[in-house]
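Read through the structure below, which is laid out as structure tokens, and then see the notes.
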Number of protein chains: 2
Amino acid sequence: MTDLPKRPLTLRDVSEASGVSEMTVSRVLRNRGDVSAATRDKVLEAAKELGYVPNKIAGALASQRVNLVAVIIPSLSNMVFPEVMSAISDVLEDTPLQPVVGVTNYKTDREEKVLYEMLSWRPSGVIIAGIEHSDASKAMLRGAGIPVVEIMDTDGTPIDNAVGISHRRAGRMMAEAIIRKGYRKIGFLGTKMPLDHRARKRFEGFTEALAKAGHEISDQEFYEGGSALAKGREMTEAMLKRSPDLDFLYYSNDMIGAGGLLYCLENGIDVPNDVGLAGFNGVELLKGLPKQLATMDSCRDEIGRKAAEIILSRVEDEDTAKGGQKIELTPTIERGDTMRPRSTEAAYPE
Amino acid sequence: MTDLPKRPLTLRDVSEASGVSEMTVSRVLRNRGDVSAATRDKVLEAAKELGYVPNKIAGALASQRVNLVAVIIPSLSNMVFPEVMSAISDVLEDTPLQPVVGVTNYKTDREEKVLYEMLSWRPSGVIIAGIEHSDASKAMLRGAGIPVVEIMDTDGTPIDNAVGISHRRAGRMMAEAIIRKGYRKIGFLGTKMPLDHRARKRFEGFTEALAKAGHEISDQEFYEGGSALAKGREMTEAMLKRSPDLDFLYYSNDMIGAGGLLYCLENGIDVPNDVGLAGFNGVELLKGLPKQLATMDSCRDEIGRKAAEIILSRVEDEDTAKGGQKIELTPTIERGDTMRPRSTEAAYPE
DNA sequence: TTGGGCCATGTTACCGCTGACTTGGCTTTC
DNA sequence: GAAAGCCAAGTCAGCGGTAACATGGCCCAA
């Protein structure tokens, strides 16, 4: 079936095996141009027989087309990003484009490096998480001359296109909902900010809206690393012991929120009456907890989908007006079982 | 800073800007060969000034070296695989090699397609999950003439190298531990098998060891899709209602096990005395549940690490005896809080 | 002084494939 | 029956780098 000398096969091998020119083989393998049925069959058979796999490196160089889309995200262990990836893959599934992931671990220097690596493969487009980048990264993105979509966050000025939600607004929306339900003594639990701009913006929006309603955060705590569920549990315990009068805890993500929820349930705290809880992201993973945590859907599926579509349309239609779009999606609050159904004070109309 | 005509930059642009030959620029950019400090600085400055990003496509074609390692896994939403990815990335971090992921969604035809795509980029090695592949995939892997490591599973004959655990043995070990602790009426809850060979093998090993000890599975149920936590909860409820005399539930993964655990706790079932529970994988994510689910560590970190090291050594040392290795790691049982500390019947010595 | 050696740089020939153009044979048309 | 048209296949010149070899200037030993 195969012979020993492991020299990789080339078009020439197939062309010799099938008695036609390399060009014809190339045409057959790409379904391009007119080739007679007889020739086509002959070539396909020879290719299969030999086990020929085309060399995209050479193909890409010759045709100046590399059908890859670079997708740059902070982490794979956050669940949120694999979900976006899936949506992107879905859209690109039946197109010539193919996503390739790069992971930055939330580090600016890694982002620069990963971006450089990716761009050196001359992809057809870039989808990159976040709207904050180093100057060097921005320069690279601008200079690449390919469509760029910044995703997840719209609070800022995109380089080209952006699809996401306003995290500042998300924080505000949640604060307003919490106040509207009559909660007043509010604690915030989140990640250490410098790492995560979106969490920071939610926090800012949150405090801002509280302030506007004449309230402020009564207690706050930030964590780093470790198992989020366990951290949520620990932090909640610490905070409730320190500030027993709190009546609401807002978590910067669902996992720590779930940890907090478990803690409260175990300790006989009446959720949502004594204490209300809310997280952020709306992760599917947590469906099945004893109570459903209030949260806010971050539109990950739609973000991935739209981002991929933008790249796609730009690639298919080279001359589309180079004007970038900014698409701000609207997250929805899912009240779950950890927020009172409505205000006990009717401070705001529902 | 940049000019309008968006023709991508080439070595020639840099060479003209710095007044040396293309070759010298190439040498500088790759730190190869002797270049005087003065020239080096001149070139680097010009490159930065222009914002030049080398074209790896051309470089790879010319040098016949593509420093990519294809990593082919079934899913990104399983947590298990991102963890393996991280380990691989860690090892390759400071080497010229770079991992590239492909996702098969547990489908054989997708695997074939993804593999073909990846191989057409002529990677330096392949790391692929599982040891079961279609004939076509096997042929491709064999024909590629590059190191291949099949990971996660060692129950079978590897194409080249394999690193993983024996899932049959893992199932057996868990069955033995369960019996040893004195449990007798055992239920199994898992995924529909055809999708997942490793889950199937654990099931087989499990039943086999039970049989050897003179027992058999008293009830079983299989699910597909949906949120694992919720599914675990539902299935547990259904099973315990149907077979109230069960005293142990073995879950094919930790997520459904956690769902079951939550169900039991809420319904006042005494875990681990009335009913013992165990899952599989040892996922970090779940640390923080009310009780720690008994599970078995699947050695994901070490698997990723070893696989990457094998590829690395083979790439660095082209002529290493082409003999593939098969590394079987030994998973360890973590008893957690959902298995009795020891047998009440002393059927086996601990 | 002169030949040998060495270092920094340049020259040349590809890598495997594709775009654009060319060729040759056969059909069509009047 | 000859010009025109068309289809299938072939030729050739790169794509943007890099390996391997060639070159020229300088230093040093004999």
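Just so we're on the same page: letters track the sequence lines, and every chain starts at 1.
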Quick one: side chain to side chain donor-acceptor pair (under 3.5 Å) partners of [X], sequence neighbours excluded?
X      : value
A/T39  : A/S36
B/S26  : B/R30
A/T154 : none
A/E45  : none

Please list all pairs passing the salt bridge (Lys or Arg N to Asp or Glu O under 4.0 Å) test where one or both residues lie in residues 14-24 of chain B, with sequence neighbours left out.
B/R12-B/E16, B/R12-B/E22
Along DNA chain C, first and last positions that approach a heavy atom of chain A under 4.0 Å
C/dG16 to C/dG19
Mind running a 4.0 Å heavy-atom check of [range] against DNA chain C and sending the residues that fall below it, in number order?
range                     : result
residues 36-46 of chain A : none
residues 51-70 of chain B : B/L61, B/A62, B/Q64
residues 12-29 of chain B : B/V20, B/S21, B/M23, B/T24, B/R27

Side-chain donor or acceptor of A/N105 paired with backbone N/O of A/K107 under 3.5 Å:
no
Has the side chain of A/N78 got a donor or acceptor atom that lies under 3.5 Å from a matching backbone atom of A/F81?
no
Per the side chain to side chain contact (heavy atoms under 4.5 Å, CB included) rule, which among B/I159, B/D153, B/T157 passes with B/I131?
B/D153
Passing option when B/L115 is tested against B/S137, B/S120, B/S134 for side chain to side chain contact (heavy atoms under 4.5 Å, CB included):
B/S137
Determine the sole option in A/K138, A/R314, A/R142 for which the salt bridge (charged side-chain N to carboxylate O under 4.0 Å, His left out) test with A/D160 is passed.
A/R314
N/O donor-acceptor pairs under 3.5 Å from side chains in residues 84-92 of chain B, not counting sequence neighbours:
{"residue": "B/S86", "atom": "OG", "partner": "B/P82", "partner atom": "O", "Å": "3.0"}
{"residue": "B/S89", "atom": "OG", "partner": "B/M85", "partner atom": "O", "Å": "3.0"}

Cut-off 3.5 Å, no hydrogens considered: what does the side-chain donor-acceptor table look like for residues 302-311 of chain A, sequence neighbours left out?
{"residue": "A/E302", "atom": "OE2", "partner": "A/K306", "partner atom": "NZ", "Å": "3.0"}
{"residue": "A/R305", "atom": "NE", "partner": "A/D301", "partner atom": "OD2", "Å": "3.1"}

A/M79 and B/S77 have their tightest heavy-atom pair at CE-O, 3.5 Å
Minimum heavy-atom distance B/Y116-A/V53, with the two atoms named:
O-CG1, 3.9 Å
Any stems for DNA chain D, made of 3 or more Watson-Crick or G-U pairs in a row, each with both distances under 3.5 Å?
C:1-30 with D:1-30
Does the distance from a Lys or Arg side-chain N to an Asp or Glu carboxylate O, for A/R110 and B/E93, drop under 4.0 Å?
yes
